[in-house]
Amino acid sequence: MKAMVIGSGAREHALAWKLRQSPRVDRLFVAPGNAGTAAIAQNLDIPATNIEALAEAAGQHRIDLTVVGPEAPLASGIVDLFQSRSLPVLGPSRAASQIEASKVFSKELMQKHRIPCARGAVFTSYAQAREYVQSQPAPLVIKADGLAAGKGVVVAASAEQALEALSDFMEKRVLGAAGDRIIVEECLSGREVSLLAFTDGRNVRPMVPACDYKRVFDGDRGPNTGGMGSYSPPGFFSQSDVLKIQQTILEPTVRAMAAEGIPYRGVLYAGLMVNPEGARVLEFNARFGDPETQAIIPRLKTDLVDIFLAVINGTLNRLAIEWSDDACVAVVLASEGYPGAYHTGLPISGLTGLDPDMHVFHAGTAMKNGVVTSGGRVLTVAATGRTLREARDRVYADVPRIQFHGRHYRRDIAAREIPPEAGGSR
Ligand code: AMP
Ligand code: GLY
């Protein structure tokens, strides 16, 4: 069969890498892809947001299976468009992807169907939102409704900060229409886990859990990024926790969507805050996470094509999905200056002769007399091992060999999971 991955990040390279291993796939396309996907698939020079051109290409090349990486094409209805042309595609419809694209939609869904989440209220009036903020104890979390590339959430330590965020979103409209409706919610504490699941609209199959790192510098300092690393599994989140979340959050959410007449099919990503009282939803995403996917997919044993077809055909109940007991640690290598301004076109060296257990998933890379940088996040380097310690030691042994001018990466991915060496002095 012919398969296609839409997107150009390391998440999409990881998905393409896994699809490439399927004996059922004889041709693989990535649109638009990067230098890494070009080595294992045919890149199509179509932006992930041009859904009309993507549907055209899928028809022309007679693609049997498409998977959508990023949220923007889902929110603009790529799945509906493909389905209207009988092109098999993995992902939620435009209506169902509101679970990510509208924080108000997902908040109201969770409140109505009693899915555990932070207490909060929705506002369309700046004056009413101000009044509410002044009546609540800090800290508070202020969320803009629409897609805002990670800039729509402010965790405000004080009432002043909360009011400033409200003013930015609702009065100054710094995020445009995304700030027309906002949520004010209680600030939860605990540890964050990402639990992704495959669902065909009825059956839910969780993946292995993962943690991601959003801040640019070690110790969670500095500005937010698209993600600087991830690992799986978190030591503090057991298989019985996964089962509990499946029963109390993932399955109820899929049932709730069906009950609302908006069946949800594809990958459902629950961002959770976990503490001794239990787990609550911080956000849903309508797709694979980045960089979680780069630490999850290397652990998948089952053929990804079998899973995707079962999701599309509604037969997940008949498929056993197997995961390796290995751990995986994934480290993002970023351009100098990222997440601020950065240069591109810098040559990358050291991509060959690495440990065979290493995966180098490309993101912002292009071919130009060799592989050069073309984005802020350039590569995700992932390694598996029997334990997190082994995976972490492996990845950090090889990362320094991969060089481009000014590259930076976090040194503490999965570090807090590793107990100090017995007898060690540090
Ligand atoms: P979201 O896009 O909703 O996941 O928010 C981005 C980040 O903001 C999350 O990963 C959390 O670190 C933080 N966050 C969101 N909601 C809350 C909350 N209610 N309490 C504490 N932190 C939150
Ligand atoms: N890692 C967070 C996300 O994919 O949105």
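Side chains included, hydrogens not; waters and symmetry mates left out as well; all remaining heavy atoms used. Indexing begins at 1, ligand by ligand and atom by atom, following the structure's order.
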Task: Within 6.0 angstrom of Arg386 CZ, more than 12 heavy atoms from elsewhere - done: no
Open item on the list: Quick test: of every protein heavy atom, which one is nearest to atom 21 (C) of ligand 1, and how far off is it to 0.1 Å?
Closed with: Leu188 O, 3.3 Å
TODO: May I ask you to test the Leu188-Leu282 pair for a side-chain heavy-atom distance under 4.5 Å?
DONE: yes
Open item on the list: Tell me whether the count of non-hydrogen atoms from other residues, nucleotides or ligands lying under 6.0 Å of CZ in Arg191 goes above 12.
Closed with: yes
Open item on the list: Just to check, does Cys187 reach to within less than 4.0 Å of ligand 1 when the distance is taken from its heavy atoms?
Closed with: yes
Task: Closest to atom 18 (C) of ligand 1 (judged by heavy-atom distance), picking from Val141, Val281, Asn224, Val184 - done: Val141
- [ ] Indicate yes or no for a side-chain donor-acceptor contact from Arg407 to the backbone of Pro400 under 3.5 Å, with no hydrogens or angles considered.
- [x] yes
Open item on the list: For atom 11 (C) of ligand 1, what's the nearest protein heavy-atom neighbour? Residue, atom name and distance, please.
Closed with: Glu192 OE2, 3.1 Å
Open item on the list: Regarding atom 15 (C) of ligand 1: of the candidates Met273, Lys143, Glu283, which has the closest heavy atom?
Closed with: Lys143
- [ ] Can you sort out which atoms of ligand 1 are near Lys103, meaning under 4.0 Å from one of its heavy atoms?
- [x] 1 (P), 2 (O), 3 (O)
Task: Contacts of type ring pair (Phe, Tyr, Trp, His ring centres under 6.0 Å), residue His13, not counting sequence neighbours - done: Phe361, His362
TODO: Measure from NZ or CZ of Arg411 to the centre of the six-membered ring of Tyr409, then state whether that distance is under 6.0 Å and the direction lies within 45° of the axis.
DONE: yes
Task: Protein heavy atom at shortest distance from atom 23 (C) of ligand 1 - done: Leu282 CD2, 3.8 Å
Show me the short polar-atom pairs for ligand 2: any N or O of it lying under 3.5 Å from a protein N or O, with distances only.
residue  : atom  : partner : partner atom : Å
ligand 2 : 1 (N) : Asp212  : OD2          : 2.8
ligand 2 : 1 (N) : Asp290  : O            : 2.9
ligand 2 : 1 (N) : Glu292  : OE1          : 2.7
ligand 2 : 1 (N) : Glu292  : OE2          : 3.2
ligand 2 : 4 (O) : Arg287  : NH1          : 3.0
ligand 2 : 4 (O) : Asp290  : N            : 3.0
ligand 2 : 4 (O) : Asp290  : O            : 3.4
ligand 2 : 5 (O) : Asn285  : ND2          : 3.2
ligand 2 : 5 (O) : Arg287  : NH2          : 2.8

Open item on the list: Starting from atom 13 (C) of ligand 1, what is the nearest protein heavy atom, named by residue and atom, and what distance separates them?
Closed with: Val155 CG2, 4.0 Å
Open item on the list: Are more than 12 heavy atoms, taken from residues, nucleotides or ligands other than Glu131, located less than 6.0 Å from that residue's CD atom?
Closed with: no
Open item on the list: Less than 4.0 angstrom from a charged side-chain N to a carboxylate O is my criterion; do Glu186 and Arg280 meet it?
Closed with: yes
Task: Numbering as shown, the atoms of ligand 1 that approach Ala118 to under 4.0 Å (heavy-atom distance) - done: 19 (N)
Task: Proximity flag Lys214 to ligand 1, non-hydrogen atoms under 4.0 Å - done: yes
Open item on the list: Do the side chains of Glu185 and Lys107 get close enough for a salt bridge, i.e. N-O under 4.0 angstrom?
Closed with: yes
Open item on the list: I need the atoms of ligand 1 closer than 4.0 Å to a non-hydrogen atom of Glu186, numbered in the order shown.
Closed with: 18 (C), 19 (N), 20 (N)
Which pairs of donor and acceptor atoms, one on a side chain in residues 300-313, lie under 3.5 Å apart (sequence neighbours left out)?
residue : atom : partner : partner atom : Å
Thr302  : OG1  : Glu322  : N            : 2.6
Asp303  : OD1  : Ser22   : OG           : 3.1
Asp303  : OD1  : Val305  : N            : 2.8
Asp303  : OD2  : Ser22   : OG           : 2.8
Asp306  : OD1  : Arg24   : NH1          : 2.3
Asn313  : ND2  : Leu309  : O            : 3.1

- [ ] Identify, for atom 8 (O) of ligand 1, the protein heavy atom at the shortest distance, and state residue, atom and that distance.
- [x] Val153 CG1, 3.5 Å
Open item on the list: The test is salt bridge (charged side-chain N to carboxylate O under 4.0 Å, His left out); show your working for Arg410 and Asp220 and say whether it passes.
Closed with: CA-CA 10 Å; Arg410 280 182 65 155; Asp220 293 331; 3.1 Å; yes
Open item on the list: For atom 19 (N) of ligand 1, what's the nearest protein heavy-atom neighbour? Residue, atom name and distance, please.
Closed with: Glu185 OE2, 2.8 Å
Task: Qualifying residues under ring pair (Phe, Tyr, Trp, His ring centres under 6.0 Å), relative to Phe123, sequence neighbours excluded - done: Tyr132
